[in-house]
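Data first, discussion second: the structure below is written as structure tokens.
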Amino acid sequence: MTRPVVVAAAQMGPVARDEPRPRVVDRLIELLRRAHRGGAELVVFPELALTTFFPRWWEEDPAQMDAWFETEMPGPLTKALFDEAARLEIGFCLGYAELTPDGHHFNSQILVERDATVVGVFRKVHIPGHAGNEPWRPFQHLERRYFEPGPDGFGVWPAFGGRIGMMICNDRRWPETYRVMGLQGVELICCGYNTPIHYAPEPSQDVLAGFHNALVMQAGAYQNGTWVVAAAKGGVEEGVDSLAQSCVIAPSGQIVAQAYTAADEVVLASCDLDWCQRYTTTVFDFDQYRRPELYTRITAQRGVLLEDVPTPAGSGEPCP
Ligand code: CDV
């Protein structure tokens, strides 16, 4: 049995702060057309694909902040993307800043079927960075100022002939993200990301940015027997170098296609959704092998509880 879905990770190069949104939509449409020429049925765009990665700037004026957000999807500017997708009969997953009618701000991603109907909306669960002004940083990461954490968790939607999940950037670093979807039988996870290579709180991690990106998604794919399609906004954007390396990962954990530039680039792969069962009915047959009764700490507590284990002698020294 095979259930192939041809996917495209539509990587974007930088989006300038003053790049008009219609121009960005034109770039998305061009990527959509390229993906269509390559036979793609589903195109995954990056996180916050319509704008520059604005959380790098401290902004006081709420009106200026809201100018980065979309109040409807599709809206007047994004309608052209939906129209072209419908004409080409190609689906997509798009990350954008969402301002809801009742005033909530989310870092969101929608899944759109080949007839341009919106199948699902996902709101980023793990919001990284900080909320206060930290001008000591070479650039800030103010996602916790701009966005509320998504309240809905990790859903899985029937679409593209399979079970499709979504996650956004930092979500991909957390094993719970994949497992919550894995327990709903996810077969393909769409992920958009913006990952600055310099991590100001701990720069020793900078050189490992690409390794960590691949590590978490390859592990998440394998341990849950799912495909992962990950699209970056990479390259040097407003002076900040961000990781590219968009990729498609198989349920085996292998990277089967990867971007080789840090610019607008389409990464294509044919994903057999039936391949997931080679993992989910064998080594990761959850129903047979999981021990949820022993995992209750995972949902019962958030941080580490040191008092549950005696302090080892000599510990408590700060990191070198
Ligand atoms: N956009 C992100 O969520 N970026 C984070 C950075 C701040 C570490 C990431 O996990 O890539």
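When a ligand or atom number is given, it counts from 1 through the structure's own listing order.
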Closer than 4.0 angstrom: is that true for some heavy atom of Pro128 and an atom of ligand 1? yes
task: Would you check whether His126 reaches within less than 4.0 Å of ligand 1, judged by its heavy atoms?
output: no
Pair Lys79 + Asp83: basic N to acidic O under 4.0 Å = yes
query: Between Glu143 and Arg56, is there a side-chain N and carboxylate O pair less than 4.0 Å apart?
result: no
Only heavy atoms of [X], strictly under 4.0 Å: list the atoms of ligand 1 that pass.
X: Cys169; value: 1 (N), 2 (C), 3 (O), 4 (N), 5 (C), 9 (C), 11 (O)
X: Glu47; value: 1 (N)
X: Thr195; value: 9 (C), 11 (O)
X: Glu143; value: 1 (N), 2 (C), 3 (O)
X: Arg173; value: 9 (C), 10 (O), 11 (O)
X: Asn194; value: 1 (N), 2 (C), 4 (N)

Note: Lys124, heavy atoms under 4.0 Å from ligand 1, region reported as side chain
Within the 4.0 Å heavy-atom cut-off, what Phe53 brings close to ligand 1 is side chain
Flag the pair [X] / [Y] as yes when their ring centroid distance falls below 6.0 Å, and as no otherwise.
X: Phe69; Y: Phe106; value: no
X: Tyr146; Y: Phe54; value: yes
X: Tyr178; Y: Phe154; value: no

Ranked by distance from atom 7 (C) of ligand 1, the top protein heavy atom is His141 CE1, 3.2 Å
Examine distances only and state if a side-chain atom of Asp272 and a backbone atom of Thr2 form a donor-acceptor pair shorter than 3.5 Å.
no
| Any N or O of Tyr199 closer than 3.5 Å to N or O of ligand 1 | no
Taken to the nearest 0.5 Å, the spacing of His36 NE2 from Ile29 CD1 works out to 14.0 Å
(Q) Assess the residue pair Phe53 and His141 against the criterion (ring pair (Phe, Tyr, Trp, His ring centres under 6.0 Å)); give the C-alpha distance rounded to whole Å, side-chain angles, the decisive distance to 0.1 Å, and a yes or no. (A) CA-CA 9 Å; Phe53 192 74; His141 199 102; 5.1 Å; yes
